Asker: 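First the structure, then my questions, so here it is.
Computed from a predicted model, the values in this text were never measured in an experiment.
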Amino acid sequence: MELRQLEYFREIANTGSINEAARKLNMSQPPLSYQIRQLENELNVQLFERTHKGVILTAAGKLLYDRAASLLDYARSTELEVSQTGKKRVLRIGITPTTVGTVMPFIAEFSKKNPDVNFEVHDGITYTLYDYLQEGIIDISVVRTPLRLDDVESAVLHSEPMIAVSNPEMPSERRKSLILEELVHKPLILYRRYEKLIMDAFHAQNLVPEVFCLCDDARGATLWVKEGLATAIFPQSMEPLCEGLTCQVLDEPDLVTKILLIWQKGRKPTAVVQDFMDVCLK
């Protein structure tokens with residue numbers, strides 16, 4: 001199995017068409033089909049089902065599609081790192097959407113002190129970046145609790161509360177902070193990553209909230225808030241995305257989350273990772 005074959009396979013899966021994939025890859029259709037047949041023969045599985053509308057992934061194809069992304073990312077990362085040897089150091093870091101605002105000042109300071117370092121950034125949810133770390137695709141990651149820490153080393157960068165975000169035109173208490181009881185009769189938007197944490201906090205107080213919407217994208221959820229549809233509950237570091245909205249801290253100890261640096265357990269950090277950690281944890 002060659003990396004080139006994986007790239008061809010991913011392009012066909014993304015387009016759903018061998019002809020379209022061939023066009024994007026700037027090659028003709030017959031050699032592309034031949035490479036996929038070779039890959040299927042080598043793996044002894046069928047990767048695509050051919051239909052009159054194009055191709056769709058089989059169960060085996062779906063599994064390879066998920067694994068191929070990690071393999072190709074790792075290969076590109078290794079190629080970059082090797083090509084930069086003796087020229088530039090490379091810091092491979094994972095960052096979640098809700099931790100960007102917290103980690104950027106550290107990155108800026110580190111970059112000024114280490115102009116010989118380039119960055120390879122992987123964006124994703126905490127669990128995806130956790131897997132990338134274990135697979136060696138990244139060297140270090142910025143994540144947020146709740147998170148299982150058995151298989152990683154970790155250090156706390158910052159702790160912060162959750163905030164309630166609402167349309168200024170919606171009736172609400174005009175205080176800097178709220179408690180959960182004051183939200184129990186309001187329609188709520190919950191960021192799915194923190195659904196269990198938030199619901200557990202309500203239930204611990206025998207409160208049953210009205211969940212209007214569960215979402216995976218906090219940025220998109222702010223648009224729902226701007227329309228006055230509901231009140232969202234986010235980590236406080238999302239506040240810069242809430243311009244023009246009312247943000248109130250939730251005075252609830254159970255909803256305080258920690259932003260962590262994590263790296264592989266039992267593995268000594270490389271020099272560039274250690275330099276970054278020194279800036280973050282001084």
Side-chain angles (χ1 to χ4, degrees), residues 1-8 10-11 14 65-145 147-160 193 218-219 235 237-238 240-241 257-282:
M1 183 168 59
E2 300 177 3
L3 291 175
R4 178 183 59 178
Q5 290 175 318
L6 290 180
E7 290 175 345
Y8 294 165
R10 291 270 300 179
E11 191 62 49
N14 288 336
Y65 184 87
D66 292 337
R67 297 293 176 85
S70 296
L71 290 170
L72 292 171
D73 280 345
Y74 185 76
R76 281 190 288 268
S77 175
T78 302
E79 181 182 357
L80 175 62
E81 192 168 359
V82 171
S83 68
Q84 294 292 344
T85 300
K87 305 172 187 177
K88 288 273 191 177
R89 297 189 292 165
V90 177
L91 178 63
R92 303 180 303 170
I93 184 171
I95 304 176
T96 70
T98 67
T99 62
V100 175
T102 298
V103 75
M104 281 310 301
F106 295 113
I107 290 177
E109 181 181 351
F110 171 77
S111 184
K112 290 175 183 177
K113 291 182 177 180
N114 299 272
D116 63 319
V117 174
N118 286 340
F119 296 87
E120 183 180 331
V121 178
H122 289 260
D123 300 310
I125 63 173
T126 288
Y127 302 118
T128 298
L129 297 178
Y130 188 97
D131 290 340
Y132 282 176
L133 188 68
Q134 299 299 331
E135 294 166 6
I137 295 173
I138 57 178
D139 303 311
I140 194 166
S141 188
V142 188
V143 297
R144 185 190 295 274
T145 59
L147 174 70
R148 182 172 58 85
L149 299 173
D150 300 348
D151 298 325
V152 295
E153 304 287 353
S154 65
V156 178
L157 279 182
H158 181 62
S159 295
E160 66 181 24
R193 164 78 171 87
R219 295 171 180 84
S237 55
M238 299 300 293
L241 297 177
T257 64
K258 294 179 181 179
I259 296 175
L260 308 174
L261 284 179
I262 60 172
W263 61 98
Q264 279 192 357
K265 191 170 188 175
R267 179 180 177 183
K268 183 180 179 180
T270 62
V272 67
V273 171
Q274 187 61 59
D275 288 345
F276 179 68
M277 290 168 57
D278 291 343
V279 168
C280 294
L281 304 176
K282 66 181 180 180

Asker: Side chains of Val142 and Thr102, heavy atoms from C-beta outward: is any pair under 4.5 Å?
Answerer: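 Counting from C-beta outward, Val142 and Thr102 never come under 4.5 Å.
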
Asker: Answer with yes or no whether the side chains of Thr96 and Thr99 bring together a donor and an acceptor at under 3.5 Å.
Answerer: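 Yes, side-chain donor-acceptor contact under 3.5 Å.
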
Asker: Going from CD1 on Ile95 to CE on Met104, what distance comes out if it is rounded to the nearest 0.5 angstrom?
Answerer: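 The CD1 atom of Ile95 sits 6.5 Å away from the CE atom of Met104.
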
Asker: Any side-chain heavy-atom pair from Leu261 and Phe276 closer than 4.5 angstrom?
Answerer: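 Yes; the side chains approach each other to less than 4.5 Å.
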
Asker: Does the side chain of Thr145 reach to within under 4.5 Å of the side chain of Leu260, using non-hydrogen atoms?
Answerer: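 Answer yes - side chains close enough.
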
Asker: For a side chain to side chain donor-acceptor pair (under 3.5 Å) with Arg89, tell me which candidate from Asn118, Thr270, Asp116 qualifies.
Answerer: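 Exactly one pass, corresponding to Asp116.
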
Asker: Side-chain contact test, heavy atoms from C-beta onward, threshold under 4.5 Å: evaluate it for Glu109 versus Lys282 and give yes or no.
Answerer: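 They are in side-chain contact.
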
Asker: May I ask you to decide if Ser237's main-chain N or O and Glu160's side chain share a donor-acceptor pair within less than 3.5 Å?
Answerer: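 Yes.
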
Asker: Rounded to the nearest 0.5 Å, how far does NZ of Lys268 lie from CD of Gln274?
Answerer: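 One gets 8.0 Å once the value is rounded to the nearest 0.5 Å.
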
Asker: With no hydrogens and no angle check, is any side-chain donor or acceptor of Asp139 less than 3.5 Å from a backbone partner on Arg92?
Answerer: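 Yes; judged by distance alone, with no hydrogens or angles, the pair exists.
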
Asker: How far apart are the C-alpha atoms of Tyr132 and Glu135, what are their side-chain angles, what is the distance that settles it, and do they pass the side chain to side chain contact (heavy atoms under 4.5 Å, CB included) test?
Answerer: CA-CA 5 Å; Tyr132 282 176; Glu135 294 166 6; 4.2 Å; yes

Asker: Taking atom types as modelled, is there a side-chain donor on Thr257 or Arg144 under 3.5 Å from an acceptor on the other?
Answerer: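 There is such a pair (donor and acceptor under 3.5 Å, judged by atom type) between the side chains of Thr257 and Arg144.
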
Asker: Do Asp151 and Lys265 make a side-chain contact, defined as non-hydrogen atoms from C-beta onward lying under 4.5 Å apart?
Answerer: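 Asp151 does not reach Lys265 side chain to side chain.
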
Asker: Looking only at non-hydrogen atoms, find the nearest pair between Gly124 and Pro97 and report the distance.
Answerer: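 Nearest heavy atoms, Gly124 then Pro97: O-CD, 3.5 Å.
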
Asker: Cation-pi check, Arg148 to Tyr127: give yes when NZ or CZ is under 6.0 Å from the six-membered ring centre and within 45° of the ring axis, no otherwise.
Answerer: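 Not flagged: Arg148 not positioned over aromatic ring of Tyr127.
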
Asker: For the residue pair Trp263 and Ala155, what are the closest heavy atoms and their distance?
Answerer: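 Looking at all heavy atoms of both residues, the closest pair is CZ3-N, 4.0 Å.
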
Asker: Take His158 and Val103 through the side chain to side chain contact (heavy atoms under 4.5 Å, CB included) test and state the conclusion after the steps.
Answerer: CA-CA 9 Å; His158 181 62; Val103 75; over 6 Å; no

Asker: Take Val90 and Val272, measure what side chain to side chain contact (heavy atoms under 4.5 Å, CB included) needs, and give me the verdict at the end.
Answerer: CA-CA 7 Å; Val90 177; Val272 67; over 6 Å; no

Asker: When rounded to the nearest 0.5 angstrom, what is the spacing between CD1 in Ile259 and OG1 in Thr98?
Answerer: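 Interatomic distance, Ile259 CD1 to Thr98 OG1, rounded to 0.5 Å: 6.5 Å.
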
Asker: For the residue pair Phe106 and Leu157, establish whether any side-chain heavy-atom pair is separated by less than 4.5 Å.
Answerer: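 Phe106 reaches Leu157 side chain to side chain.
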
Asker: What are the two closest heavy atoms between Gln264 and Leu133, and how far apart are they?
Answerer: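 Looking at all heavy atoms of both residues, the closest pair is NE2-O, 2.6 Å.
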
Asker: Would you mind reporting whether Met238 and Pro235 have side-chain heavy atoms less than 4.5 Å apart?
Answerer: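 With C-beta onward as the side chain, the pair touches.
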
Asker: Checking side-chain contact (heavy atoms from CB on, under 4.5 Å) against Ser141, which of Leu129, Ile93, Thr128 comes through?
Answerer: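 Only one of Leu129, Ile93, Thr128 forms a side-chain contact (heavy atoms from CB on, under 4.5 Å) with Ser141, namely Leu129.
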
Asker: Supply the atom-to-atom distance Cys280 SG to Asp275 CG, rounded to the nearest 0.5 angstrom.
Answerer: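 Reported value, rounded in 0.5 Å steps: 11.0 Å.
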
Asker: Please identify which of these residues, Ile107, Val121, Val273, meets the side-chain contact (heavy atoms from CB on, under 4.5 Å) condition with Leu91.
Answerer: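 By the side-chain contact (heavy atoms from CB on, under 4.5 Å) criterion, Leu91 pairs with just one of Ile107, Val121, Val273: Val273.
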
Asker: Less than 4.5 Å apart, side chain to side chain, heavy atoms only: is that true for Val117 and Phe110?
Answerer: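 Yes - at least one pair of side-chain heavy atoms lies under 4.5 Å apart.
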
